[in-house]
Amino acid sequence: MKWTKSLIQTLRENPGDAEIDSHRLMVRAGLIRKMAGGLYTYLPLGMRTLKKVQQIVREEMDRAGAQEIVMPILQPSELWRETGRWESMGPNMFKVKDRAQHDYALAPTAEEAVTDVMRGIVSSYRQLPMTVYQIQWKFRDEIRPRFGLMRSKEFLMKDAYSFDTSMEAADASYMAMFNAYKRVFERCGLKAVPVEADTGDIGGKFSHEFHVLADAGEDGIASCDGCGYAANLEKAERKALGAGVGAGECAGVEMIPTPGAKTITEVSKFMGVPGSAFIKSLVYLADGKPVMVCVPGDRDVNEVKLKHFLDAKKIELADPATILEYTGANAGSVGPVKPAKEIRILCDQELKGAKGAIVGANKDDHHLKNVDLDRDAKIAADDYADLVIVRDGDICPKCGKPMAIKRGIEVGHVFKLGKKYTDAMKGVFKTNELKEETMVMGCYGIGVSRTMQAVIEQSHDKDGIVWPTSVAPFAVVICLLDPENAEVAAIAEKLEADLEAKGVDVIVDDRVERPGVKFKDADLIGFPVRVVVGAKGLANGGVEVKRRADDKSMTKVVPPEAALETVLAAL
Ligand SMILES: [Zn+2]
């Protein structure tokens, strides 16, 4: 491929709306171009990489025994209504009408569609297990599209769905996908770590996310170097040390005025005591039922853990009227000692044995000090649980070593769904005793376009992208410095043909440009190997071969006839 014949345009300036390196580089290297917020055109270079990522995904899905299908993007609302998700997906789902006023979704995912397909085909246990997948465009009405392809309105996803006869059998399907995912990301040159995840609104039994660790990642991950435990912050647990709050043995409770101080920070400043001496108390509604939740003053409640502990469908902070009714005070002066009305008090396990702590007094602008939780609040043993968001230095629940919080970009997700969709949509089969049973499902996603960007986020330097060969738009660039010199051009031409014959993707930069411009573009786009063919170089010993990832000092100068071999070795 000749540069002058291809649609490549690099940009010197960073796009104004790009907040992270990979977004800047994708636009500047001419991989994508923005059409509108969250909508991008994939230019030829971007398309080449996208297709390579797709191909790796496809090969690994096929190898794991999954079969490729394609389902409509435009899906009738009836399917979504069968599971209640027409409503519960909320404003994230694009909804459109046809000319007959029928409702459709632009699919953000396809559990309903695939369950519809499978219930129409599967009738017997003999047809199971079965895993199908598609690589299809998905839509999401992002309120604030950002980070390029990371959070866009339209994105390419591989979604796979497994169907099994039992929960046990579904474990094998899950593990097959889990292992396939590890291979996909490895082959894309990505260091992606599997992380325990909450199953969220999609429901189900257990799940892992695959994260690419990067400072620009939107998700927090608690990870332990000691034993390899890793979980996203929604899910992450920690071993509480206990009695970490309060000054210790204390005299009777004492009320102190704290006028105007509402937050822990304000009260702690007012009293001159650190936030960790406080117990933060919040009133939640769990499926409409009020519960007071107490955590150490310098900690935040993890609402996902709270929701699971209470086995509630919905958790929300209580409205001011409810808070006043149950505690006798407004938020900011609420505490676990003598609330106005009987209310369940749930404490983080770190508060166990807390003595000499400071809490809200259930009286506006007042706090209580010298609080001994057991003595003054009478908390039951089963009202202690792990309820806070894990932070740096917290103790690993598995091995007891301190954990670190890292940032990650989620590139894949595997879910054991159970019967959530097949129950709702009557996805049944007959057992060998001709008994009717419900199929057990798993669902498995890879953000294909997002994976492409994650590779860049993990592999770039100040000059541009550093592609792994497996997904580079071209593996080799030949910078032809004197295109009008017939002898030089012939050498470049021969090397191009030889490389292509070996199945290597190669582009020849045959533009009439200064060498500096060509080198800058080669580094910006990030081709894994750069070959320089020029009259001056040939006079001085040959052609230059350099790997993008290597330092300048590692450049090799070889005679033209050794170029092919040197490039292949460099790849
Ligand atoms: Zn550990």
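When a ligand or atom number is given, it counts from 1 through the structure's own listing order. Predicted model only: the values in this text are computed from it and were never measured.
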Under-2.8 Å neighbours of the Zn ion (ligand 1), protein N/O/S atoms only:
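Of the protein's nitrogen, oxygen and sulfur atoms, 4 lie under 2.8 Å from the Zn ion (ligand 1).
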If you measure only the distance, is there a donor-acceptor pair under 3.5 Å linking the side chains of Glu303 and Tyr284?
yes
Under 3.5 Å side-chain donor-acceptor pair for Asn362 and Tyr326:
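Tyr326 and Asn362 do not have a side-chain donor-acceptor pair below 3.5 Å.
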With sequence neighbours excluded, what pairs up with Lys138 under the salt bridge (Lys or Arg N to Asp or Glu O under 4.0 Å) test?
Asp159
All salt bridge (Lys or Arg N to Asp or Glu O under 4.0 Å) counterparts of Asp319, not counting sequence neighbours:
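Salt bridge (Lys or Arg N to Asp or Glu O under 4.0 Å) check on Asp319 returns nothing, list empty.
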Once side chain to side chain donor-acceptor pair (under 3.5 Å) is applied, what residue pairs with a partner in residues 219-228 remain, sequence neighbours excluded?
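Applying side chain to side chain donor-acceptor pair (under 3.5 Å) to every pair that reaches into residues 219-228, excluding sequence neighbours, yields Ser223-Lys406.
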Parallel, tilted or perpendicular for Tyr444 and Tyr181, by the 30°/60° rule?
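Correct class here is perpendicular.
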